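Values in this document were obtained by computation on a predicted structure and should not be read as measured data. When reading the values below, keep in mind they use all heavy atoms of this one structure, side chains included, and skip hydrogens, waters and symmetry mates.
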Amino acid sequence: MKFIKKISAGVLLSFGFMFVFAAAVEILTYEQKQTPQEQQESVDGIIGGLAFGLPAIAYGGWLVWGMRQQHQKLLSDRLQSTFYRLVEENSGTISVLSFAKQAEISGEEARQYLDAKAKEFNATFDINPQGGVYYHFHV
């Protein structure tokens, strides 16, 4: 389903931008039309390009926005479940490295997430002699 949404969004955005681009070309070349029939065809091209292009771009953009929202929700759920599992398994002590490894995110992302959780739960942290940061959450 996700693959079909990606393909649909890509097709809609591509066709939408092509129609809007065609309308933009007609707008830019309108002054060069010399006969009333050419001008009417140009106006028809502008209206047609906008009528087909804008809804396609809007629906394609809405599909992309929905997929992005869904991805953010899944990532947030995965980080939260990993965080609580590690807190339980390690009696409240978590290192940035272990969290990054278990959650499959970068060290910087792990540090930012753990900093936010430390503020939320009023946790403390230690730095060992090797430079590793350990967060202590009170369970």
Participant: Mind listing the closest non-hydrogen atom pair of A9 and G60 along with its distance?
Facilitator: CB-O, 3.9 Å
Participant: Return the NZ to CD distance between K33 and E26, rounded to the nearest 0.5 Å.
Facilitator: 5.0 Å
Participant: Answer yes or no: are there more than 12 heavy-atom neighbours, outside Q112 itself, under 6.0 Å from its atom CD?
Facilitator: yes
Participant: Could you pull out the closest heavy-atom pair between A110 and A100, with the gap in Å?
Facilitator: CB-CB, 3.7 Å
Participant: Could you tell me how the ring of F125 sits relative to the ring of Y135: parallel (under 30°), tilted (30 to 60°) or perpendicular (over 60°)?
Facilitator: tilted
Participant: Would you say Q69 has more than 12 foreign heavy atoms packed within less than 6.0 Å of its CD?
Facilitator: yes
Participant: Look at atom CD of E104 and say whether more than 12 heavy atoms of other residues, nucleotides or ligands are closer to it than 6.0 Å.
Facilitator: no
Participant: Which pair of heavy atoms, one from Q39 and one from Y30, lies closest together, and at what distance?
Facilitator: O-CE1, 3.6 Å
Participant: Between the side chains of E109 and S106, does any donor sit under 3.5 Å from an acceptor?
Facilitator: yes
Participant: Write down the atom of L63, the atom of K5, and the distance for their closest heavy-atom approach.
Facilitator: CD1-O, 4.3 Å
Participant: Between T82 (side chain only) and R78 (backbone N and O only), is there a donor and an acceptor less than 3.5 Å apart?
Facilitator: yes
Participant: For Q72, I'd like to know if atom CD has over 12 heavy atoms of other residues, nucleotides or ligands within 6.0 Å.
Facilitator: yes
Participant: Rounded to the nearest 0.5 Å, what separates atom CZ in F52 from atom CD1 in I57?
Facilitator: 14.0 Å
Participant: Taking all heavy atoms of I94 and all of F99, pick out the closest pair and write down the distance.
Facilitator: CG2-CB, 3.8 Å
Participant: Around atom CD of Q34, are there more than 12 heavy atoms of other residues, nucleotides or ligands at under 6.0 Å?
Facilitator: no
Participant: If we ignore hydrogens and angles and just use 3.5 Å, is the side chain of S42 paired with the main-chain N or O of E38 as donor and acceptor?
Facilitator: no
Participant: Are any side-chain N or O atoms of Q102 and backbone N or O atoms of S98, one a donor and one an acceptor, separated by less than 3.5 Å?
Facilitator: no
Participant: Does E88, at its CD atom, have more than 12 non-hydrogen atoms belonging to other residues, nucleotides or ligands within less than 6.0 Å?
Facilitator: no
Participant: Around atom CD1 of I4, are there more than 12 heavy atoms of other residues, nucleotides or ligands at under 6.0 Å?
Facilitator: no
Participant: Hey, can you tell me if F121 and F137 have their rings parallel, tilted or perpendicular (30° and 60° cut-offs)?
Facilitator: perpendicular
Participant: What closest approach, in Å, do R111 and V96 show between heavy atoms, and which atom pair accounts for it?
Facilitator: N-CG1, 4.0 Å
Participant: Are V64 and M18 connected in a single hydrophobic cluster, I mean Ile/Leu/Val/Met/Phe/Trp/Tyr linked by side-chain heavy atoms less than 4.5 Å apart?
Facilitator: no
Participant: In the single-linkage hydrophobic clustering (I, L, V, M, F, W, Y; side-chain heavy atoms under 4.5 Å), do I127 and L114 co-cluster?
Facilitator: yes
Participant: Is there a continuous path of hydrophobic side-chain contacts, each under 4.5 Å between heavy atoms, that joins F15 to W62?
Facilitator: no
Participant: Cluster question for you: counting only ILVMFWY and a side-chain heavy-atom cut-off of under 4.5 Å, with indirect links fine, are Y84 and L75 together?
Facilitator: yes
Participant: Is it the case that one hydrophobic cluster holds both V133 and L79, taking links as side-chain heavy atoms less than 4.5 Å apart, direct or via other members?
Facilitator: yes
Participant: Just do the side-chain contact (heavy atoms from CB on, under 4.5 Å) check on K73 and Q70 with the steps written out, would you?
Facilitator: CA-CA 5 Å; K73 173 82 171 107; Q70 186 179 17; 5.7 Å; no
